[in-house]
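Reviewing the structure listed below.
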Amino acid sequence: MKKLFLVFIFAIGSITYAQTAKEIIDKNIELSGGLTNWKLLNSVFLQGKVTLGINDDYPIKIFQQRPNLTKTVITIGKKETAIEGYDGTKGYAMNYATNKIQEYPNYVAESFDNDFIDWENKGFQAKYMGKEKVGDIYCHKVELTKNVNKTVYFFDAKTYMILKEIKKDDTLLYSDYRMVGSLMMPYRIESASPKKDGDYVMILNKIETNKVFPNNTFKF
């Protein structure tokens with residue numbers, strides 16, 4: 001009887017965690033603008049500066065458009081240079097050995113929507129992993145899994161905004177959230193990786209949503 005009782009308690013606990021993870025994700029979507037507004041988002045333009053290494057600062061512009069078009073441009077010596085993107089058919093990235101942009105046949109374009117939008121229909125599993133501090137802030141820790149890919153998110157326990165994201169190869173920190181139209185978006189993003197080769201700090205001074213881009217924006 002005791003063993004059966006423990007199994008029952010474990011099962012109830014698992015259900016509670018699953019429900020808690022869903023509630024946290026739903027709360028994030030609600031407080032960051034609402035599901036309808038996120039689905040009405042068709043394009044994003046980000047502008048600011050990115051710091052690579054210690055003192056290498058570059059102006060940066062990022063263009064993103066539904067369903068998965070993207071282009072990142074940095075300014076080096078007053079010249080704008082595209083360093084990565086996807087034009088809807090092919091992916092491109094800068095080859096720093098040759099200092100030229102080149103096509104990458106196996107380039108995988110990220111979805112325009114984040115994984116939380118309709119995450120259950122996309123085949124993700126969500127698991128609540130308790131609370132953990134990010135700096136001095138208590139956060140809800142949620143693991144999102146699809147196949148063998150796992151991403152851990154840290155949601156501010158008060159605001160429900162994402163403060164930290166851990167993927168396989170890098171860790172992202174988000175801060176300085178502000179309203180952009182009807183949506184809350186971070187104006188500071190930091191990336192750190194074990195090899196340190198992809199580390200950066202990006203500070204934005206402008207974000208525009210549902211901007212109509214020229215037809216040639218995503219061409220390389």
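Quick caveat, the model's predicted, so the values are computed rather than measured.
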**Request:** Would you kindly say whether Asp199 and Ser193 are connected by a side-chain donor-acceptor distance under 3.5 Å?
**Result:** yes

**Prompt:** So, for Tyr160 and His140, is the gap between ring centers shorter than 6.0 Å?
**Reply:** yes

**Item:** Minimum heavy-atom distance between Cys139 and Phe154, given as atom pair plus value
**Value:** CB-CB, 3.9 Å

**Item:** Pair Ser43-Asn210, side-chain donor/acceptor within less than 3.5 Å
**Value:** no

**Item:** Pair Lys167 + Glu165, salt bridge at N-O below 4.0 Å
**Value:** yes

**Asked** Leu31 and Phe116: same hydrophobic cluster, using ILVMFWY side-chain contacts below 4.5 Å?
**Response** yes

**Item:** SB check Lys71 Glu84 (cutoff 4.0 Å)
**Value:** no

**Complete:** In terms of heavy-atom contacts, Phe112 and Leu41 come closest through CE2-O, 3.2 Å

**Asked** Is it true that Glu132 and Lys141 have a side-chain N and a carboxylate O under 4.0 angstrom from each other?
**Response** yes

**Prompt:** Can we call the ring centroids of Tyr92 and Tyr107 under 6.0 Å apart?
**Reply:** no

**Message:** Using every non-hydrogen atom in the two residues, find where Tyr174 and Lys164 come nearest and quote the distance to one decimal.
**Reply:** CD1-N, 4.4 Å

**Request:** Decide whether a cation-pi geometry holds between Arg178 and Tyr187; the criteria are a distance under 6.0 Å from NZ or CZ to the six-membered ring centre and an angle within 45° of the ring axis.
**Result:** yes

